[in-house]
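This report concerns only the one structure given below.
Below, chains carry the letters A, B, ... as their sequence lines are ordered, and counting in each starts from 1. These values consider heavy atoms only, across backbone and side chains, with no hydrogens, waters or symmetry-generated copies.
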2 protein chains.
Amino acid sequence: MNQISPKANKWLHCLEANGCRATMTRRAVVETLAGSQRALTPLEIFDLCRSQYKNMGLVTVYRTVEKLEELGLVQRVHQPSGCQAFIAAADGHQHLLICQNCGLVTFFSGENEMIEGLMDQVSNQSGYQINSHWLQLFGYCASCREPAKNPQFNR
Amino acid sequence: MNQISPKANKWLHCLEANGCRATMTRRAVVETLAGSQRALTPLEIFDLCRSQYKNMGLVTVYRTVEKLEELGLVQRVHQPSGCQAFIAAADGHQHLLICQNCGLVTFFSGENEMIEGLMDQVSNQSGYQINSHWLQLFGYCASCREPAKNPQFNR
DNA sequence: CTGCATGCAAAGCTTTTGCAGGTGC
DNA sequence: GCACCTGCAAAAGCTTTGCATGCAG
């Protein structure tokens with residue numbers, strides 16, 4: 001690893017503050033996940049890390065991702081194609097916008113009043129006490145919308 | 001099976017219209033899923049069916065659920081605790097409201113304009129072409145909100 | 001009778017666990 | 001030097017596949 005990104009650094013400090021050691025393998029997982037714009041599966045993280053750290057084990061990826069998720073630094077991304085992938089968590093509660101072509105994940109936080117209103121309304125109609133919500137949008141990101149850039153991609 | 005519910009009947013006809021035979025084991029899976037207010041995992045369906053049909057195999061449950069999902073009669077439910085459970089699909093696109101205590105699933109369809117507006121706004125801000133969305137609310141249903149009915153349940 | 005459906009067994013994956021050796025601090 | 005971390009191997013789940021038999025139409 002040549003240089004540690006600010007986000008990866010923050011994660012490592014957070015791990016240390018929680019009694020974890022900043023080992024080389026953890027740095028690799030942290031750097032990979034902190035630097036990704038796509039949600040990555042444990043196996044993808046493993047492959048990416050292994051290109052730098054020859055003896056990286058898949059088990060270590062699972063254990064590190066588990067810790068990062070516990071600390072709220074990373075979150076699981078649910079998609080129609082599967083729910084094994086993880087991405088750096090946003091600050092505060094945010095919603096996900098996922099590109100169905102390239103996998104780019106973008107967070108958005110706007111329209112919270114709208115959602116609050118919806119929750120109130122549904123609560124009144126259904127009798128439920130609503131505690132949390134998931135909102136995700138799926139589509140094609142700006143780059144993938146442009147046919148010229150993605151000739152293989154049919155819309 | 002004493003009597004087939006209207007919904008189960010509709011599903012069986014739909015299966016037949018798609019070249020599937022209405023076997024006893026399929027009837028059992030269909031009746032179980034069509035009659036459930038909770039999302040059920042393949043294993044749960046298997047156990048429920050097996051109480052009636054002794055030689056039911058788990059494999060058959062997987063194969064039947066797969067067919068029902070293909071036909072859009074059943075949909076997978078994603079939850080923090082896992083994404084293996086299925087429930088009867090709603091007519092048209094609807095959103096889910098899930099009880100975190102008893103698992104009761106309620107659909108709601110209101111506020112589509114609100115969500116359309118949100119999608120337009122996010123689309124303009126992000127440059128994404130938005131194709132679909134997932135919205136789920138989690139909370140406690142009317143029954144589970146009442147402490148008297150659920151003394152074991154801490155809120 | 002014909003061909004789809006079924007259960008069993010086995011294979012294939014993903015994820016977790018046990019453990020002896022290694023490493024950060 | 002101590003405690004935590006690691007990779008390996010194995011176990012544990014969950015899901016799919018192959019195949020001979022069974023059953024619906």
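Residues B:Gln125 and A:Phe108 form no side-chain contact, since every pair of their non-hydrogen atoms from C-beta on lies 4.5 Å or further apart. At a threshold of 4.5 Å between non-hydrogen side-chain atoms, the residues A:Glu44 and A:Asp47 do not count as touching. Looking at heavy atoms from C-beta onward, A:Ser5 lies in side-chain contact with A:Glu31 at the 4.5 angstrom threshold. Residues B:Cys14 and B:Leu73 form a side-chain contact, since some pair of their non-hydrogen atoms from C-beta on lies under 4.5 Å apart.
At a non-hydrogen distance threshold of 4.0 Å, B:Cys20, B:Arg21 from residues 13-22 of chain B come into contact with DNA chain C.
Taking the six-membered ring where the residue is Trp, the centroids of B:Trp134 and B:His78 are separated by under 6.0 Å.
Rounding to whole angstrom units, CE of residue B:Met24 and P of C:dT6 are separated by 12 Å. Atom CE in A:Met56 sits roughly 11 Å away from atom P in D:dC8 (whole-Å rounding). Separating the NZ atom of B:Lys67 from the P atom of C:dC4 is a distance of 10 Å, rounded to the nearest angstrom. When rounded to the nearest whole Å, the span between CZ of B:Arg27 and P of D:dC23 equals 15 Å.
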Contact pattern, 5' to 3', of nucleotides 14-20 of chain D - B, S or - by protein heavy atom under 4.0 Å: SSBBB--
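Here B:Thr23 reaches the OP1 or OP2 of C:dT6: one of its side-chain N or O atoms lies under 4.0 Å away.
Residue B:Gln52 holds its CD atom at 6.5 Å from OG1 of B:Thr32, rounded to the nearest 0.5 Å.
In terms of the ring pair (Phe, Tyr, Trp, His ring centres under 6.0 Å) criterion, residue partners of A:His93 (sequence neighbours excluded) are, by chain and number, A:His95, A:His133.
In the displayed structure, B:Asp91 atom CG is contacted under 6.0 Å by at most 12 heavy atoms of other residues, nucleotides or ligands.
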